[in-house]
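Structure first, commentary second.
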Amino acid sequence: MTAFHKLIANVKTALERAPRPAEPGHAADGGAAMPVAGDLRRTELIAQFARELAAVGGVFLGALTADQARPRIVALARELGAKAAACGAGVTMDLAPLARALEQSGVAMTRADRKSVADRAAYRDRLAQADLGIVEAHAAIAATGTLAVVGAADRPNSLTLLPPANLILVHADRVMPDLAAAVAALGTATFVTNRVALITGPSRTADIEKMIVLGVHGPKQLYAIAVWPAEGAR
Amino acid sequence: MAAAKPDPAPDFFATSRAGVADAELRRKLENSTGRHLDHVAQMRAEFPPYDAERDAARAIKEDAIGRLDQLLIELKHQLEANGCTVFIAADAAEARDYILKVARQAGARRVVKGKSMATEEIALNPALEAAGLEVVETDLGEYIVQLRRERPSHIITPAIHLSKEDIGQLFADKLGIPYSAEPATLTAAARDRLRGIFLAADMGITGVNFAVAETGTLVLVENEGNGRLSSTLPETFIAVMGIEKVIPRLADVPHFLEILARTGTGQKLTTYTNFISGPRRKGEADGPGAMHVVMLDNGRSTMLADPVLREALYCLRCGACLNVCPVYRRIGGHAYNSVYPGPIGSIVSPNLFGSAAAQLPFASTLCGACRDICPVKIDIPRILLHLRWKEGQATPPIKWPADARRARAGVARFARMARHPRTMRLLTRAAAIFARPFAHDGYLKRMPGAFRNWTRWGRDFPAPRFRRRKHVP
Amino acid sequence: MTEVRLFATCLAEQFFPSVVDAAALVLERMKIKVRPLKSAFCCGQAPFNEGLREPALELARRFLNSCEPGTPVVIPSGSCTSMVKIFYSDLLAEEPALAARAAAIRPWLFEFSQFIVNVMRVKYVGARFDRTVAYHPACHLTRELGVVDEPRVLLGQVEGLRLVDFRNPEECCGFGGLFSVKLPHISAAMVEDKIVRLKECGAQAVVANDCGCLMQIGGAIHRQGLAIETFHLAEVLAAR
């Protein structure tokens, strides 16, 4: 503690050499309410998200209902030649039917339930072997083609890190116009208790002659689906 | 090794001369920085609120640095509430000792590092290696310079001084892969090599881009995913941050993110923006069991006390001022003999490394391109001028080569004489008459004294002229 | 009739007197009475940029005492103008009386092209100049004073003149005052690259508003024996 007090004292003395600016008023935090856009606006936002995602090397598979999404994902796993996949718990949707559909198509699934996660080393090894990681994002950002993924016990962060390909689902109502809206919608409490990763495209580097290469340490392929509520569900 | 301490006797004149003479280096710098500047120009054009966001970000920094003491108290409190251990390091040695202590107590043997200028600044790698730890830089550029046992030559693009052919040869030699100059092939080779190292590492160390006081959240911005891996997989995670990284609120973060990548890398947003508030919670599969945050002063409170230099603490370390700087583009980062090269390096290095870096504020034409591109509009030329004045008074005086000393004395002499315009005009007339026989259509091929370096370096010198006309009496 | 004071600047007095003559001629043709500002020789930028504040301060004092608020002072240099208009506030921080005088004089100071376009509201000065011209935007002119369009507007109205673009025109030529001789290798490398780009664009002449840039670019062009001429904007506007 003395070191900290010494630092604070140093900083205080340093600051006193020049006038301190007035403290701005703190605006109250909006919190976790997700604003729901009208249908037209929602479509516009999804279209913009799709465009921006493509610009950073991601692939938008479409705005689909859950029933349409399942076969599309099974087909994707086949296209990728995926033998093993890992899946986290959903946020707004139940991903269990999807996992079952994949299993039925012959993909070995690793779930993130309490039992599988308990042996952390074994779980990590399985993720490192998985060909495809699947999660649901809390929100997407249209302006940048970004997916905001909130880590949790049943949605480990490594799901979007270790497998070479990722599929990220987002509820169609949760496509926000910009970064500020997404951060406000998630709310400060989420950031205190959970790890949040804003993911904008596949892992990439420009460290060799400023030329862009996809797939360095994180996934090389990133797929996204905006999940549209089924008819009459809203 | 890779992260170097400041050279014991750095000679900016010698190293910058080597940089200028390396035509290949200048070509590589021109290509890479040019590509970056094109991207930034495009980003700025496509994002009309860019300038308003710069002002907003600067205002937040002004506020944050202006009440740094309060924010640091709040940040420390929040981080501890989130389960982190916070250590305050007054200087580089304290920071290194603490990190070594943590490593020892955790029984760590293999360390993976995300890109961090703060750990370069404290020369952490040599200290860890001396203690018998295996340290691997995992950012591709940092990995490349570590393999070459060099220090980064750029704060964002560490291997900017190397061509893809250089890197191809390096990987063939060190990793034993067949030679290739294909960036995709080289990147894949590094990925394969590093993936196993990540999975086996027991300690991860990264830097910090922003630390949110309100929530005790560290924000880590990156493209490759190595920062996420370094902070997620190893059992012990240490984040090293300069005390100036603190910002008040989570809602401030978007303002910085809107400009940081646009300026730093020419992207709208980097691939990964990681918000990390604490260690693994009960029941979680990944994340570190222990998370330490090292808050580093190392001369920052001295900068804070200087009302002009204080502005340098707003720096986001985006690296754009290096790319736009006509001096950096000619000599490269290694010439600066400092962890922080380029315009921003020239203002922070003297404070960090003392007289060894005292020449750097003079390594600029004060053209102002750095201030124009800076995402928080730091008035770098003004700070350079301030430091030239301050460093000029320092004891011991700055060590200049004889010619530079002569030039400096010459301008002082000129300033004394220029107080007497009539005398100056007489002298100009005398010089014009004297120079006439030596001039070739108005130019002199060789100059004496303080000016001899003009004509030695590729330029003729205009002969003094004097004409009795109405406007020049 | 408007009256202005013309401050020659030390570089022009010593090496480019024709620039001063040309600037005066252009202004006189606009029916302006031009009085040279004789009692100062240098604004103090050279010592100030070297961190030699005391000698710079004496030159600033001398310069400020030579000017009177109420009479415009025209300076054919973006660099010297920005020294007085901008950097004096740091130089004079501990000289309140002088700082007050500088503040009173500041609105009356104009860089040459700024004065013609923004004060006199003139774009066409009746000049004729039959050459292909590249315009080099000087750093202080552009980035300190924000004078970006004015010189181009004036050049655009010159008969016979063809303005051509070149790559990365805003990059500094490498002069930087004492920088040019203290770090001559870097300074020379900068101008070398600038000349490569100038050669590409096919210009017959380079025009700038600052004698420092003209010394640097002209000196390197002359050393390389190239057939590109260098002119101050005032010289182009005075040509008929």
Side-chain angles (χ1 to χ4, degrees), chain B residues 13 16-17 20-21 26 30 326-327 330-331 362-369 371-372 382 385-392 400 403-404 407-408 411-412 414-416 418-421 424-425 428 431 443 450-451 453-454 456-467 469-473, chain C residues 6 8 10 13-18 20-21 23-24 34 36 38-42 44 46-53 55-56 58-59 62 87 90 139-140 143-144 170-172 174-193 215-216 218-220 222-223:
Chain B
F13 286 80
S16 61
R17 210 162 286 178
V20 159
R26 276 167 65 184
E30 168 115 30
V327 173
R330 300 292 160 331
I331 64 177
F362 295 83
S364 165
T365 60
L366 307 170
C367 77
R371 178 188 52 207
D372 265 21
R382 180 168 178 246
L385 282 163
H386 174 73
L387 288 174
R388 288 180 183 191
W389 171 55
K390 236 175 96 172
E391 296 295 329
W400 297 108
D403 280 345
R408 195 173 154 85
V411 83
F414 166 83
R416 278 196 301 278
R419 288 184 214 170
H420 312 289
M424 282 309 291
R425 292 187 184 108
T428 304
Y443 282 96
F451 289 104
N453 274 332
W454 180 285
R456 273 184 181 176
W457 287 91
R459 296 156 296 179
D460 291 340
F461 194 84
R465 283 160 199 252
F466 187 84
R467 272 188 291 160
R469 287 279 299 264
K470 185 174 148 207
H471 302 291
V472 183
Chain C
L6 181 64
C10 63
E13 281 220 49
Q14 296 173 96
F15 305 107
F16 300 96
S18 59
V20 193
D21 295 344
V34 180
K38 285 196 281 189
S39 45
F41 190 77
C42 171
F48 177 73
N49 283 1
E50 184 56 22
L52 301 169
R53 294 209 169 174
E58 289 314 308
L59 291 175
R62 176 127 211 146
F87 296 110
D90 274 354
C139 297
H140 282 165
R143 300 200 186 91
E144 299 293 343
E170 279 89 12
E171 192 177 64
C172 179
F175 176 67
L178 214 54
F179 175 87
S180 62
V181 289
K182 278 183 81 182
L183 293 161
H185 48 292
I186 307 175
S187 175
M190 284 162 72
V191 74
E192 182 183 295
D193 290 352
M215 267 177 98
Q216 170 86 346
H222 193 262
R223 171 65 62 91

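From a predicted model like this one, the values you see are computed outputs, not experimental measurements. Chain letters run A, B, ... following the sequence lines, proteins first, then strands; residues in each count from 1.
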Let's test your reading of the structure: which of [options] forms the most heavy-atom pairs below 4.5 Å with chain B?
options	value
C/His222, C/Glu170, C/Glu58	C/His222
C/Ala56, C/Ala23, C/Gly176	C/Gly176
C/Ser180, C/Cys139, C/Pro184, C/Gly51	C/Pro184
C/Glu50, C/Gln216, C/Arg62, C/Glu144	C/Glu50

Where [X] and [Y] come nearest, the two heavy atoms and their spacing:
X	Y	value
B/Ala363	B/Arg388	N-NH2, 4.5 Å
C/Ala24	C/Val34	O-CG2, 3.9 Å
C/Leu59	B/Ala415	CD2-O, 3.7 Å
B/Thr428	C/Glu13	CG2-O, 3.9 Å
B/Ala450	B/Ala407	CB-CA, 3.8 Å

Region of [X] in contact with chain B, defined by heavy-atom distances below 4.5 Å:
X	answer
C/Ala189	both
C/Phe87	side chain
C/Ile186	both
C/Asn49	both
C/Ser39	backbone
C/Glu192	side chain

Among [options], which residue has the highest count of heavy-atom pairs closer than 4.5 Å to chain C?
options	result
B/Gly368, B/Gly392, B/Ala431, B/Ser16	B/Ser16
B/Lys390, B/Arg371, B/Glu391, B/His420	B/Arg371
B/Arg416, B/Arg26, B/Arg456	B/Arg26
B/Asp372, B/Asp403, B/Leu387	B/Asp372
B/Ala412, B/Ala21, B/Ala463, B/Pro462	B/Pro462

Spacing of B/Arg330 atom CZ and C/Glu171 atom CD [to the nearest 0.5 Å] | 4.0 Å
Side-chain heavy-atom pair [X], [Y] within 4.5 angstrom cut-off:
X	Y	answer
C/Phe41	C/Gln14	yes
B/Pro421	C/Lys38	no
B/Arg465	C/Phe15	no
C/His140	B/Leu366	yes

Is it the backbone or the side chain of [X] that comes under 4.5 Å from a heavy atom of chain C, or both, or neither?
X	value
B/Val327	both
B/Leu385	both
B/Phe13	both

Test B/Arg459 against C/Ser187 for side chain to side chain donor-acceptor pair (under 3.5 Å), laying out the working first.
-> CA-CA 10 Å; B/Arg459 296 156 296 179; C/Ser187 175; 2.8 Å; yes
